[in-house]
Structure formats: C-alpha cells, structure tokens
2 protein chains.
Amino acid sequence: MPQYKAPMADFQFLLNDWLKIDQHYQTLGAEGMDSELVSEILNQGAKFAEDVIAPLNREGDEHGCKLADGKVTTPEGFAQAYQDYIANGWNAMLGNPDFDGQDLPYSAAVPVHEMLNSANLSWRLTTMLTESAVLAVDKHASDELRQQYLAKLISGEWTGTMNLTEPQAGTDLSLLNTKAELNGDGSYTVTGNKIYITGGDHDWTSNIIHLVLARLPDAPKGVKGISLFLVPKFLLNDAGEPGEANLLSVGSIEKKMGIKASPTCVMNYDGAKGWLVGEENNGLACMFTMMNDARFQVGMQGLGTSEASYQGALTYARERLQSRSPDGPKQPDAKADSIMHQPDVRKMLLTQKAFTEGCRALSMLYAQQMDVEKYADGEQKAKAKQVIAFLTPICKGFMTDIATEVTNIGIQVFGGHGYIREWGMEQLARDTRIAQLYEGTNGIQAADLIGRKLTRDGGKMLAATIELLSTRIDAMSDAKLQSQARDLLNEYNEVSNGILGASASDVAGAATDYMHYSAYVILGILWLDMASCAQNASNSFIAQGKQKTCAFYIKRLLPRKDVHKSVIHSAADDLLAVNDQEFDYV
Amino acid sequence: MPQYKAPMADFQFLLNDWLKIDQHYQTLGAEGMDSELVSEILNQGAKFAEDVIAPLNREGDEHGCKLADGKVTTPEGFAQAYQDYIANGWNAMLGNPDFDGQDLPYSAAVPVHEMLNSANLSWRLTTMLTESAVLAVDKHASDELRQQYLAKLISGEWTGTMNLTEPQAGTDLSLLNTKAELNGDGSYTVTGNKIYITGGDHDWTSNIIHLVLARLPDAPKGVKGISLFLVPKFLLNDAGEPGEANLLSVGSIEKKMGIKASPTCVMNYDGAKGWLVGEENNGLACMFTMMNDARFQVGMQGLGTSEASYQGALTYARERLQSRSPDGPKQPDAKADSIMHQPDVRKMLLTQKAFTEGCRALSMLYAQQMDVEKYADGEQKAKAKQVIAFLTPICKGFMTDIATEVTNIGIQVFGGHGYIREWGMEQLARDTRIAQLYEGTNGIQAADLIGRKLTRDGGKMLAATIELLSTRIDAMSDAKLQSQARDLLNEYNEVSNGILGASASDVAGAATDYMHYSAYVILGILWLDMASCAQNASNSFIAQGKQKTCAFYIKRLLPRKDVHKSVIHSAADDLLAVNDQEFDYV
C-alpha cells in the first residue's frame, strides 16, 4: 500500500504564489484569515489524513461493512477515527458560526477535503454527505428544526444522509414513489424504499439524520411534486437527545466494486416520522442545495484518488529495478535501472501528474470563487455564483472521468503487482469508479453543462467564467505563455457560442464531448497560468517542475481537445440513425 | 448478470461475406474445411459458452479459489464444466493430429475462443495456457517428452502452465534466479520461486505440467542463459500415469482485482525434477513460442469481455425507463422512455459496438493469416508470418486497452447499478483489467511493435502488413469508402516509415502512441472494408448496421489517431527533462 503524504509544496504554491491568498482574504475582508492560518490548518489536516485515516484504508477494503441485527458495523478503527475527527473540529470547518461552526472560507477547507479523499475515500464519504446535509438544513429548514439539529450535524455528533434514489427512479426523480402524509401535529409519515444511501447506518454516532425526498398525497406529477423531509433515525426526546427509534430500517448493504468500507444501504421507511424541510413541493430545489455541493465534492474525490495513485506509482517507479534505460545503463552498479528511466513510464507518470496538478488548480480556483461568493456583494458575488454554477459539472464530470484514467495508469506502472490487492493500486481504481456514477452520472453532468449552464440566463455563466479566466490571463507575466492562453480562451469562447441554437438532440449528442473539451481547454489555460507564475516561485523544484509539466500537458494531453471539438458542432444524426436491430443484428 | 449470447450474425458476416472463408479454405487446400463445418463448430461452441460456463461466471467471482492443505479448489461447477469441455474435444481443436489433435485452422477456433472469454474469463484462462504450453512442447520438446505428455495436454486430460515471473524479475527476465542442475539420469533439479502462475494448481485434472524458466549453473548472464524445463506436478510412473508427487508446492493464491475464480499461484520448486525443453540456454525462444500465442489470446480476452459488456449495456439500455428523449416522448404510454433514446447513451453503446466489432474483424484477419501460415508455403507463408508478428503486439495491446474503456462504458450505461456486483458489469471491468498487464504489459507490447517489429528485417513485417491491407482495399466495391481507406493506409505507411532512424529514447517515448495510432488506423481501414462489403450482405440489419457503425467510427473514434500521430515523430526530450525532485517537489 502506498504511504500517503499530503502534497504540501503544491498546495503552498497554489495558495501563495498562484492565488495570492493573503491579498485575496484582505480584499474580501475575510476576518482573521491569512496564509499562516491556512498553512496551520493544512499541516494539521495532513497529519490527520496521513496518520489516522490513511492507515485504515487497505484493511477497510478487505473487511468492508457488516449488517447484523439491523445494525451496521464499519471496519475496525473507523469509528475511533471519526471521534478524533470531530473532536478536532474538522467536521465544523465550513459550518454556520451561529451553530458553533468555524465559518472558514472554502479555500482553507478544500485542500483538507482532498487529503481526506486521498487517504481513505470510504471513510470520507459519510462526513462529506453530512456537510451537504448541513447546507440544506441551514438554508431551508424551519428555525425549530435548525435549533434541534444543526449544531449537532455541524459538530458531527450526528451524521446526515441524502435519500433520493429508488430502484425505478435514479436520473429521473419524477418517478419516485416514496410517500409522505401530514399528521395532526405538523409532522409527516414517510413510507417508501430508498437505495444507495451512503452512511444509511453505521456505528459512529448516536443519531443519523436522513434527508428524504418524498411525494405528498395531493402533489403535482413529476419533479414539481417532490418535497424534502428530515427523518431522524431516533426521534428526539424533550431534552433534544435521541430517544424512541423511528420506523425505519436498513434493508441490506450493497455489495459493490469498491468503497467497500462505506456502508451503502437500502433504507426502508415504514411510516417513519419526518418534518418538512423548505416548502411543500419544493424539495428538488432544497435537494439541489445539497447536490451542488456534493457534485463538487465528488469531483474532489476524483482528485484525491488521482493524487494517491500518482504517489504510489512514483514511489514504485523509483524503486523498481528492471531492464536498462534505452540509451544505456543509468545505475550501472545495480542489476538493472529503475523503471523511472523508461520514457514510456515517465510518460505515464507525467500524465498522472499533469492531470492531478491541473485538477488541483481547478479545484482551488473553484474554492477561490466560493470565497468570493461568500464574502463579496452585488455583482461580484453574482458573477462568482455564475462561475461556480458553470464549473460544477466540469469539476464533477471531468475530475472523476480522469481519475479513472489516472488510477488505471497507476495500476499499469506497477505491472502485474498493480493487479494484486495488497499493493493498494487496484483499490484506488475501484474506489474512484463510483465517482463517475453518483450525484448524477457524468452524462448528466455533461447535459447540465451544455443544456442548462451554457444556455440559460442568456449565457451569463459562460461569460462570467470567460471573464475570470481572461482576468487571470491578463495578469500573466510570461508573454509567450500568455498569448497561448489567450488563443485557447478565444477558441473556447467561439466553440461554446457556436453551440447556441442547436437542436435538443444535437446538444444532447454533443454534451459529453463539450464537457471534456471544456475541461481540456480550461486545464490548458490553468497550466499556462501556473507555468508563468512558477517562474517567480521561490521553490526551484516548483519553478522548473511546473514549467516542464505545462509543456508536457500542452504537447501531449491538450491535443485531445481537438477530438472532442471536431464533433461538438456536428449533428447527432449518426447517433439516431442506427435502428434497434442494427445494434446487435437480431 | 447479463445473459451471454454468442454474436453469431457477426461471425457469419465476417467468415462468409468478409473473409469468404469457403474460397479461403479451397485456395489453401484445407482439407475437409468449409463454411458449413465452421458454422457447426460455432453453434456448438456457442451452446457450451452460453449454457455451461456463462452461468458459472458471477458465482465464481464471489467464491473465488481456495487453498487448503496445499490443494487449490476452484468454485463449484468449474471442474465439471472442464470435464464437459474436454469430453467434447474443445481442448484439442488446434492440436497436432499425430497426438489426437483436430488440427483445425485458426479461423475455426478463434470465434470459439472469443465466446469462452466472453462467457467466463476466469474459467477460460487455464485452458488457454494449456494450448500455449502444447505449442512449446510440440515444437521444442524431445520426442520422448512429446510421447509422454503431448496427447494428454492436447486432450486436456492434463493442463499446462507457464512459469516465468519471479518477484524481482517480471519484464526483465534476465534477473531470474530459479536454478536447474543436471542429474545423472538426464533430468534436472529445479529450485526457485515463481509468482503469478495461472492454473498453478486446481481440482480439474490428475496432473499439471509446468513449463519453467530457469538458469543452469554455468549459464551465460542475462536472457541468453535461460533454459526451459518441463516439471510435472506428479512424476510419471512406468505406465506413463501420474505417480509420485514432485517436489513442488503452491505457496499461496494471490488476492486479485478480478479473475478471482482463476487460481493465480505462487509456486515453490524445492528441488523438483524436470526435463529440458529445447536446447540449453535457448529457453527464451521456446518461451516465445508460448508467449506469442498467449499474447494474441490475451488480446482475445479483451475482445471477449468487450462483447459481454456491450451485450449487457445494450439489454439494460433497452429496458431501463428513465426520463424522456430530448426531442419528445418516444414511449408515450410508459412512464418514461427507455434510455436507448438518449443520444449520449447511444454514443456510449456505439462506441462499445464500433470497438468490439472492429476488434473482432482484426482478430479474424489475424486468424486468416494464421491459416495461411499453417497451410501455405514459400513466400506466402513467410509473409503471413510477418503479418502475424506485426499484428500480435497490436492485438494484445490495443484490444486489451480498449476493453478497459469498453467495459467501463458498460458500467456507465448502468448508472449506479453498474457499480453493484450482482449486475455483473463491474466484474467485466475488473476481470479484463489483468489483460493489459500479463504476457508483457502493454508498454512492452508497444516497445515490441516499434522497437522490433517495425524496424527489424528491413521493415518486412510492416511491408507485409501494408500489402495485406492494400490487397483488401483493392477488392473493395464502394469507390468512396475505398478511397478513404487508401488515404488512411498511405498516411500509415508514411508515419511508420518516418519513425525509422529515430534515437532509442525517442522511439521508446513514442511507442505507446504508435501502437494506438496503428490500431486506430487499421480498425478504420477494416471498418471501411466491412462497410463496403456489407452493402451486399443478405442480412439487412448487417448491411445497414455495418455502414452506420463505420460512419460513427470514422467520425467519432478515428480522430483519436491524430492525437497519437502528433507526437510520434517528436522527441522524448520533454519526458526526459523532468528531474527527479520536480516530480513531487520534495
């Protein structure tokens, strides 16, 4: 199993050299925040990720979760690690200060989130969903519900879940069957079955707060008839503590490809007591408060596993002695050269590195915009919101698609050993594979980007994103790199605008290509921007490494954009033309 | 679990319409062979694959293999299926008729091999390696060894293994430590540890014949000092039957990402008795007789799993009702349309289909050339041999790389269900992942293609391949498709020749791109060729389906070749420039 070390030098470069985080916090008036505090948070976060949860990752995969007598048990050490996590306040980083949250800017928390994902994705999931649930309860629930639940969700004394999917209703939530009926006391009775509920039960906390999408008896058909309910595992007694068990249970734990140490539950609500969150029939909007956060967080899962795989592959490539370099022995005293000297292996490692560091830059730019949205007002806030909306499906879709490529490269660098479980590399590929599927498949992300984000509100979201990137390009110090970045951005603007007015089918057929095209171009711009910035970096490894990796990205990975570009404006005729029996000739 | 059905219509098209197999057998003088017999073999093979081994696949993955008291047990039903297999003569399809083999042409066996891989890859592996072992024993062993072992390996009464890898020696066999010392009776004493031995032990047969690479005491250093030994699990008694146990044992079974029902063993040879196969210190050549066959067979594993994944995804897409088609309801009486009506889903399915059917065409062209090599003489035979040598790394490398993409698409079409084990889609991705690693990683395949096959013998292997493709293009009836194919081939010839003379490092850095470039171009030519041919096919689904899928491939998949082409002639400087600490800044 590769030993995880948080990539501190890269975080420091991105925060201090690239995003100039001190100036950023000052401009925004983020009280008490500076680079020193962020550094301290990152150092402590790295310690927790490296020393507490990373060592549990491999065994967690082997042992998985167990369901017995209706109760879920997580692997040994997981519950204790969670107690450490909440005791040290990690769960409260982003929480509302009125409910004992730390109210940190996103830019201080995102690096820690990445570390948690790298160290132990299965362990991380339950805390991630709790953070999403906090957002929904804080924003949409009544004051009474907030008083009862919010502080304990923020501290992590209780965890939260998201209950959307049913066997017949995944992408299409209009098909959901779970029912809720109003009781005399203002509560509701919730009845139905939900699947794929992360953290649906576990042995970490004294209560679990389920947020459940259901339909009222007189609700309109389709997604406009869905409401959101808060359904606790244990009903609260007069002291506000968990009392009587609610009428809900775990039907089973799913057997999955990966994230085996995360309990993915089938949940049965058998007349459980719940309370409305937000207004009746407005559940989808409330749910999207959770979902949008979760989508970016899932993108971060792709980044986290990519980093872990890169670290494992790099360590192995340095140590594995096999054959000689093509231009003669490099370690003549050894029986063979390390495989680091093979150009093909270096190409694999640099592909991992260029994608991982590129996605990290994208995630930090996203975090920066989250900060602006949090602290700024007026047009500045509005524009940040637009950028975030535009980048969310790109972060979720691309960072997870590319994680499957990056973690598979990690296996490949190990050769046959990559396929053996004890080395840990195949686990990363299995674990990260879920991220392309949940919180909306990546096909749904692509449809969201091209069908909603690009075209609604008169193209404001694209415009705000272009403006942000343009401002960054303006500030680049290297004229040659700047001109390359400018050309890329101009091309991107033109290609994006060329989509407007296409038919619904053509847009749907181009969606995934547009998402990938967008990501390759944006990462290209960010790489050029980083390379320019790195020329003045005090860390000479960063200064050289960023410039060389940028050159690698531009030469060997960016050209993929053209494959996607070539079909974005073309019709979907070829996709629709194939008749059913022509798929398999029977 | 998707129910496997052999793709008979496509096989019939490829054999009869595309390869004109009757004419092919007549020209070659392949006695007794005609399309009717091949059809019958395929029908029976399909029955076995569909009814006997496919139903064992899912449970095999759950239960895996067990090692207890030094003996390996395979999952329930596996041993019985093997008895059925050998009783019906499947193991003997390609065997030497002097030892009761059926001596069939490769073109009759390859479709059956594909079916076995689709139906149950874990089950298939042991029989595949036995076939490879048969080739080595038949070609290189002494008459005495052949008399003792060959008939029983061909019938399948005993199975065979390949023992190459050691912990410190994978790609680089020069590092192997296993020793062999000559005994007074002409036998050798073999001592050492081997890893990753497929079928190293099992409960199927009364004996297992290990082919083991080892080093003689006075052997030259490096790969020129390796010899091949036949080491049976049980020594033969005077009646030629398994008697005394040899001094070898199974150390452990590896815990792997997939192919869990295939026992991958650590083998300990503790002074085991063995016999030399071929000449002393010529083991590598003998091993390559097995290896080249195994490499193509591993490519076939990629094809088999791709087909199985495509079938599963297609069935699911037809049945899964979710959302509406972007241009309005297609199944207005249902609650939603099937996801077959989503352009993005169709794009995923057509990507699977275009790669799978394209790789199948490549495999059948390879089989046709194996037939020519078997039956023809002189220059014709020599050229077929050259084509086979050139195509082997492409088949192994590309068909397995693409299988990882295709099986991951299969998961994606299923959405969240794709991640759940009971649906069987994630198993296909896990199972096929090994194929990129064993029998030489795909990086080694790429190095073999560009470093040996392209450049040695004055480029004869490339020339023979170009000539074969050119001849096929000449015979195309559709002038427009023909001209596209001709342009592709000309470009390929030019790009390939442009590599000659590059430095060793530059060639090594371009290897994987050249392998992928080669495959995308060759598949493009084969698709154009099939589309032209299909216009006259009697099966109208084939006629239309092949033309439309060709158009899809040319428009949406072939452009990937240009990403690879763009770096083939460029130097590896960017790969070599990154200094060690610039990889991770520490």
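In what follows, every chain begins at residue 1, and chains take the letters A, B, ... in the order their sequences are listed.
- Just one residue in the list B:E357, B:Q12, B:Q544 forms a side chain to side chain donor-acceptor pair (under 3.5 Å) with A:Y585, and that residue is B:E357.
- Taking 4.5 Å as the limit, every side-chain heavy atom of B:F583 sits out of range of all side-chain heavy atoms of A:Q352.
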Task: Candidate pair B:E582 and A:K548, rule salt bridge (Lys or Arg N to Asp or Glu O under 4.0 Å), full reasoning - done: CA-CA 9 Å; B:E582 292 161 11; A:K548 291 172 185 174; 2.8 Å; yes
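- Ranked by non-hydrogen atom pairs under 4.5 Å with chain A, the options B:A9, B:A169, B:A510 are led by B:A169.
- To the nearest 0.5 angstrom, B:Q581 atom CD is 12.0 Å from A:I542 atom CD1.
- Taking A:T549, A:V563, A:I411, A:D562 one by one and counting their heavy-atom pairs under 4.5 Å with chain B, the maximum is reached by A:I411.
- Atom CG of A:D172 and atom CG of B:L321 lie 9.5 Å apart (nearest 0.5 Å).
- Each of A:T165, A:T512, A:L558 has some count of heavy-atom pairs under 4.5 Å with chain B, and the biggest count is that of A:T512.
- Residue A:R320 touches chain B through its side chain alone, counting heavy-atom pairs closer than 4.5 Å.
- Listed options B:Q168, B:E405, B:K335, B:R560 were ranked by heavy-atom pairs under 4.5 angstrom with chain A; first place goes to B:Q168.
- With respect to A:R318 and B:D584, a salt bridge is recorded, a charged nitrogen being found less than 4.0 Å from a carboxylate O.
- Closest approach of A:Q322 to B:T171, counting heavy atoms only: OE1-N, 3.3 Å.
- Contact record, A:G415 with B:L437: O-CD2, 3.4 Å, taken as the closest heavy-atom pair.
- Considering only heavy atoms from C-beta on, A:H417 comes within 4.5 Å of B:I195 through its side chain.
- Looking at B:K555, the atoms closer than 4.5 Å to chain A (heavy atoms on both sides) sit in the backbone and in the side chain alike.
- Using a 4.5 Å cut-off between heavy atoms, A:A551 does not touch chain B at all.
- Residue B:S505 touches chain A through both its backbone and its side chain, counting heavy-atom pairs closer than 4.5 Å.
- A:G443 approaches B:D344 most closely through the heavy-atom pair CA-OD2, 3.6 Å.
- Both the backbone and the side chain of B:I420 come within less than 4.5 Å of a heavy atom of chain A.
- Contacts of A:K347 classified as salt bridge (Lys or Arg N to Asp or Glu O under 4.0 Å), with partners at least two apart in sequence or in another chain: B:D513.
- No donor-acceptor distance shorter than 3.5 angstrom exists from the side chain of A:Q436 to the backbone of B:Q412, with no hydrogens or angles considered.
- For a residue to count as touching a neighbouring chain, one of its non-hydrogen atoms must lie under 4.5 Å from one of that chain's; by this rule A:S323 touches chain B with backbone and side chain alike.
- Heavy atoms only, all atoms of each residue included: A:A504 and B:P326 are closest at CB-O, 3.5 Å.
- Atom-to-atom distance recorded for A:M257:CE and B:M425:CE is 11.0 Å, nearest 0.5 angstrom.
- Annotation: the span from A:H564 atom NE2 to B:R556 atom CZ amounts to 12.0 Å, rounded to 0.5 Å.
- Using modelled atom types, one side-chain atom of B:Y419 and one backbone atom of A:G258 make a donor-acceptor pair closer than 3.5 Å.
- Under a 3.5 Å cut-off, the side chain of A:R433 and the backbone N or O of B:N408 do form a donor-acceptor pair.
- In terms of heavy-atom pairs under 4.5 angstrom with chain A, the leader among B:Y438, B:Y196, B:F552 is B:Y196.
- Both the backbone and the side chain of B:I259 come within less than 4.5 Å of a heavy atom of chain A.
- Residue contact with chain A, scored on non-hydrogen atoms closer than 4.5 Å, is absent for B:K5.
- Partners of A:E254 by salt bridge (Lys or Arg N to Asp or Glu O under 4.0 Å), not counting sequence neighbours: none found.
- Formation of a donor-acceptor pair under 3.5 Å by the A:R346 side chain with backbone atoms of B:L575 is found in this model.
- Residues A:K255 and B:E62 come closest through the heavy atom pair NZ-OE1, 3.0 Å.
- Using a 4.5 Å cut-off between heavy atoms, B:Y310 touches chain A through its side chain atoms alone.
- Using a 4.5 Å cut-off between heavy atoms, B:A429 contacts chain A through its side chain alone, with no backbone atom that close.
- Looking at A:M340, the atoms closer than 4.5 Å to chain B (heavy atoms on both sides) all sit in the side chain, from C-beta outward.
- Contact annotation for B:I434: both backbone and side-chain heavy atoms come within less than 4.5 Å of a heavy atom of chain A.
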